[in-house]
Each structure stands twice: as structure tokens, then as C-alpha cells.
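Only one structure is covered here, and it is reproduced in the block below.
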Amino acid sequence: MQADTGLETLLDLNGYTIDQEGGYWVKVEAWRVPATADIPHGIRYSLTLHEPYGKRVLGYDNSHAIKPPRKFKFVGQRLPYDHKHRHVADKGVPYEFRDVYQLLADFFTEVDCVLEEARK
């Protein structure tokens, strides 16, 4: 039941922009989609942190599968849709989606780390 409550919480946050220190800001997008093998929870989401001029510097989303490295052991392997990006050119690294509450906690913990690095 907690996961269902969490999904509703994420859906309620859709469209929110949250100001952060130093001109940084977080954007939350979430909407229902049919549940599939790639998106079993039936929610498409994008959580992004932007620098003061609008460039994304961190993102957690499930908008696409990430491409595996071009190494023999990855041939034919499908990587998950849930992933995170640390900068604009980053193609994404897998993120293990457990539930919405953990997703939000992981994202905002990493937001705090990025903002801490920006202060240095």
C-alpha cells in the first residue's frame, strides 16, 4: 500500500518547481502511463536539478532505456529505463527503482551533494 501512496505523492508533485540555494532549481514531472515490463509501476517521471542559467546538472528519469557499453559481455542485454544523469553529456547510469519514497530521498540527497560541490 505504501508504494501506491508514494505514486500518488509523486503524481501530486507533477509540475512543481522548487527553488534551491544559489539560483539552482528542481523541476518535477510525473504522469501515469500503461504499466509495461520497462515501467512496471505505471508512472513516467523526470526529476531534474538545474543551474541558475537553466542547464540541467542532475536528472533521475525513466524516459528511455540507457545504452549499454559496447563491450562483449553487454551484447544483447537490456538495461533498465530507470536511470540517472549527472551532467548534460551523461547518457545515464542505471538507477534501481524500489519505491517513490526512496526515489525522492536518493534524488534530494544527490541534489544536496551537487549544491555542496557548487559552493566550493
Side-chain angles (χ1 to χ4, degrees):
M1 186 66 164
Q2 184 179 8
D4 291 341
T5 303
L7 293 176
E8 292 303 320
T9 299
L10 186 58
L11 289 168
D12 288 344
L13 291 171
N14 182 43
Y16 272 79
T17 299
I18 306 163
D19 289 331
Q20 303 294 303
E21 60 191 55
Y24 286 75
W25 48 279
V26 166
K27 182 177 180 183
V28 179
E29 297 177 305
W31 60 96
R32 288 192 188 281
V33 296
T36 65
D38 295 321
I39 305 172
H41 38 72
I43 299 291
R44 183 79 76 172
Y45 64 87
S46 174
L47 309 173
T48 53
L49 172 67
H50 300 263
E51 52 107 52
Y53 299 104
K55 183 175 86 174
R56 182 188 73 187
V57 293
L58 175 66
Y60 280 53
D61 68 80
N62 64 350
S63 63
H64 57 85
I66 57 175
K67 292 183 180 181
R70 292 185 176 186
K71 296 189 178 171
F72 182 73
K73 68 180 181 177
F74 294 104
V75 172
Q77 182 178 355
R78 271 181 73 188
L79 294 180
Y81 270 52
D82 295 295
H83 61 278
K84 62 183 181 173
H85 302 270
R86 186 58 196 265
H87 52 78
V88 175
D90 179 358
K91 301 292 184 195
V93 295
Y95 172 77
E96 184 183 335
F97 181 94
R98 290 182 290 269
D99 61 49
V100 170
Y101 297 118
Q102 189 63 53
L103 169 71
L104 292 170
D106 292 344
F107 175 71
F108 281 104
T109 296
E110 197 155 353
V111 164
D112 290 344
C113 290
V114 171
L115 295 175
E116 181 65 31
E117 288 174 12
R119 280 193 292 259
K120 293 179 182 180

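Please read these numbers as outputs of a predicted model, since none were measured by experiment. Computation of the quantities below employed the complete heavy-atom set of this structure, encompassing side-chain atoms and omitting hydrogens, waters and symmetry-equivalent molecules.
When every heavy atom of A30 is checked against every heavy atom of N14, the shortest pair comes out as N-OD1, 2.9 Å. Looking at every heavy atom in both residues, A35 comes nearest to P40 through CB-O, 3.6 Å. Of all non-hydrogen atoms in Y101 and D99, the two that sit nearest each other are N-OD1, 3.0 Å.
In the hydrophobic clustering of this structure, W25 does not group with Y45; members are Ile, Leu, Val, Met, Phe, Trp, Tyr whose side-chain heavy atoms approach within less than 4.5 Å, directly or through other members.
You'll find the side chain of V100 stays beyond 4.5 Å of the side chain of I43, heavy atoms only. Residues V26 and L58 have side chains not in contact (no heavy-atom distance under 4.5 Å, counting atoms from C-beta outward).
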N/O donor-acceptor pairs under 3.5 Å from side chains in residues 105-114, not counting sequence neighbours:
unit_1: D106; atom_1: OD1; unit_2: Q102; atom_2: NE2; d: 2.7
unit_1: D106; atom_1: OD2; unit_2: Y95; atom_2: OH; d: 2.6
unit_1: T109; atom_1: OG1; unit_2: A105; atom_2: O; d: 2.8
unit_1: E110; atom_1: OE1; unit_2: Y60; atom_2: OH; d: 2.5
unit_1: E110; atom_1: OE1; unit_2: K84; atom_2: NZ; d: 3.3

For residues 46-53, which side-chain N or O atoms pair as donor and acceptor with protein atoms under 3.5 Å away, sequence neighbours left out?
unit_1: T48; atom_1: OG1; unit_2: H50; atom_2: NE2; d: 2.8
unit_1: H50; atom_1: ND1; unit_2: G54; atom_2: O; d: 3.0
unit_1: E51; atom_1: OE2; unit_2: Y53; atom_2: N; d: 3.0
unit_1: E51; atom_1: OE2; unit_2: G54; atom_2: N; d: 3.3
unit_1: E51; atom_1: OE2; unit_2: K55; atom_2: N; d: 3.2

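In terms of the side-chain hydrogen bond (donor to acceptor under 3.5 Å, both in side chains) criterion, H41 has no residue partners (sequence neighbours excluded). E96 meets the salt bridge (charged side-chain N to carboxylate O under 4.0 Å, His left out) test with no other residue; sequence neighbours excluded. Contacts of E29 classified as salt bridge (charged side-chain N to carboxylate O under 4.0 Å, His left out), with partners at least two apart in sequence or in another chain: K27. Under the side chain to side chain contact (heavy atoms under 4.5 Å, CB included) criterion, E116 pairs with R119, K120, not counting sequence neighbours.
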Worksheet item: After noting the C-alpha distance and the side-chain angles of D38 and N62, does the key distance pass the side-chain contact (heavy atoms from CB on, under 4.5 Å) rule?
Response: CA-CA 9 Å; D38 295 321; N62 64 350; over 6 Å; no
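Atom CG in L104 sits 6.5 Å away from atom CG in L13 (nearest 0.5 Å).
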